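To start, the structure itself, in structure tokens.
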Amino acid sequence: MDTDTDSTPYLSLFAALSYGVASMAMVFINKAVLMQYAQSMTLLTLQQLVTALLIHFGRVTGYTKAKGLNIETAKKLILVSLFYNANVAFALASLKGVNIPMYIAIKRLTPLAVLIAGFFYGKGRPTTQVTLSVLLTAAGVLIAALGDFSFDLFGYSMAFTSVFFQTMYLVLVEKSGAEDGLSSVEIMFYNSVLSLPFLLFLIISTGEFPNSVSILFAKSNSLSFLVILFLSLVMAIILNYTMFLCTIVNSALTTTIVGVLKGVGSTTLGFVLLGGVQVHALNVTGLVINTAGGVWYSLAKYQQKRNKLPK
């Protein structure tokens, strides 16, 4: 089922733009928090807890029409929740060791993974332009990595693992929204509630808890840290909502394309904000190639979709 036909062009555009802005802002806010508070799993747990509580409060007070939990629906969305949290957890872990331009370059490989996944579940072969563009994107990542003097093997492996999980949950969200008629707020609520037991198990088994709580209380004396943490919690809600909205209103592929395009701005800002980037000819060349591949991919997909529209 193609959800593009079920929404107005204005809603589709709003969903795509809002997701792009929120996604770009979230990378920098999370990086800023993790530079002061490296407990990434605890941060993710707090984000999901605040999201679940806020939506529940909105439902009880009548501010949102989201329905309560349904066991059968919850069973269908368990995998969505697990893949989403695995993606964010690995992404946060990678941000501790990878600078923002390289992080975005690696995450830009998601279209390649989405296309491969689409091929296996029956979406057919991609066009020549799409294939060449994703290969160019991948080549850019390789060249940029060779020139990354701050290379962190653990950070890189976490980022690549995050790409895999991001692909899986995007495909699952698209199918869940189309087949079950769930709104973006409802999927977000299920995702947050279902993720909490999984995340609590992780922060205990990895040893983050209870040390992460005592570190958080110690950091609470800093007003600047509290402001950044608050922004992180608020932006997590906004990002989740806009991501699910964009995927349901448009498609998993559209969400991926928006992610590629917002990466152009994030990469540029990443060289001047928050530090951690050692400029080198190979690094810059690779990032330029990677960005060009991402833009080419987006244009190819837009042209492909336009050609399919009825005359």
Side-chain angles (χ1 to χ4, degrees), residues 14-66 80-81 84-85 87-96 100 103-104 107 162 166 169 173 183-196 199-200 203 208 212-213 215-217 219-249 255 258-259 262-263 265-266 269-270 273-274:
F14 169 77
L17 286 176
S18 57
Y19 169 65
V21 172
S23 181
M24 185 163 64
M26 194 60 181
V27 173
F28 290 95
I29 292 172
N30 274 338
K31 180 71 174 178
V33 173
L34 292 171
M35 287 172 70
Q36 298 186 53
Y37 183 71
Q39 316 300 313
S40 58
M41 294 305 304
T42 302
L43 175 63
L44 176 56
T45 305
L46 286 173
Q47 290 174 345
Q48 295 290 33
L49 179 61
V50 170
T51 301
L53 290 175
L54 188 63
I55 295 175
H56 177 68
F57 176 77
R59 187 172 63 84
V60 170
T61 55
Y63 281 102
T64 175
K65 296 179 181 179
V80 172
S81 178
Y84 170 83
N85 285 284
N87 162 53
V88 178
F90 281 106
L92 287 174
S94 70
L95 274 173
K96 289 189 283 188
I100 287 178
Y103 166 81
I104 293 166
K107 292 290 281 182
S162 174
Q166 184 179 11
Y169 88 72
V173 165
S183 70
S184 53
V185 174
E186 286 168 339
I187 291 184
M188 194 164 70
F189 183 57
Y190 276 101
N191 180 59
S192 298
V193 172
L194 291 171
S195 68
L196 286 174
L199 291 173
L200 288 172
I203 61 174
E208 273 199 19
S212 57
V213 177
I215 295 172
L216 187 61
F217 276 113
K219 289 278 186 183
S220 63
N221 294 323
S222 169
L223 179 61
S224 61
F225 172 74
L226 288 178
V227 170
I228 296 172
L229 179 62
F230 176 76
L231 282 174
S232 174
L233 297 177
V234 171
M235 283 305 302
I237 298 171
I238 295 172
L239 176 61
N240 287 345
Y241 176 77
T242 55
M243 177 196 68
F244 290 131
L245 179 67
C246 183
T247 307
I248 292 171
V249 169
T255 303
V258 173
K262 65 91 184 175
S266 299
L269 289 173
L273 295 179
L274 304 179

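Note that the coordinates shown come from a computational prediction; the quantities given were computed from them, not determined experimentally.
- Scored by the side chain to side chain contact (heavy atoms under 4.5 Å, CB included) test, Leu34 finds Ser40, Leu43, Leu92, Leu95, Lys96 as partners (sequence neighbours excluded).
- Residues passing the side chain to side chain contact (heavy atoms under 4.5 Å, CB included) test with Ile237, sequence neighbours excluded: Val50, Thr51, Leu54, Met188.
- Residues passing the side chain to side chain contact (heavy atoms under 4.5 Å, CB included) test with Leu216, sequence neighbours excluded: Tyr37, Leu46, Phe225, Leu229.
- Under the rule for a side chain to side chain contact (heavy atoms under 4.5 Å, CB included), the partners of Ser224 that lie at least two apart in sequence or sit in another chain are Ser222.
- The line from OG of Ser23 to CD1 of Ile238 is 12.5 Å long, rounded to the nearest 0.5 Å.
- In this structure, Tyr190 has no side chain to side chain donor-acceptor pair (under 3.5 Å) partners at least two apart in sequence or on a different chain.
- Taken from OG1 in Thr45 to CG in Leu196, the straight-line distance is 7.5 Å, to the nearest 0.5 Å.
- Atom CG of residue Leu223 and atom CD1 of residue Ile228 lie 10.0 Å apart, to the nearest 0.5 angstrom.
- Partners of Glu208 by side chain to side chain donor-acceptor pair (under 3.5 Å), not counting sequence neighbours, listed by chain and number: Thr42.
- Every residue was checked against the ring pair (Phe, Tyr, Trp, His ring centres under 6.0 Å) condition with Phe189, not counting sequence neighbours, and none meets it.
- A search for side chain to side chain donor-acceptor pair (under 3.5 Å) contacts involving Ser232 returns Asn30, Gln47, not counting sequence neighbours.
- The shortest side-chain heavy-atom distance between Phe217 and Val213 falls under the 4.5 Å cut-off.
- Remark: Phe90 engages Phe165 in a ring pair (Phe, Tyr, Trp, His ring centres under 6.0 Å) (not counting sequence neighbours).
- Listed by chain and residue number, Gln48 satisfy the side chain to side chain donor-acceptor pair (under 3.5 Å) test with Ser192 (two or more places apart in sequence, or in another chain).
- The line from NE2 of His56 to CG of Leu53 is 8.0 Å long, rounded to the nearest 0.5 Å.
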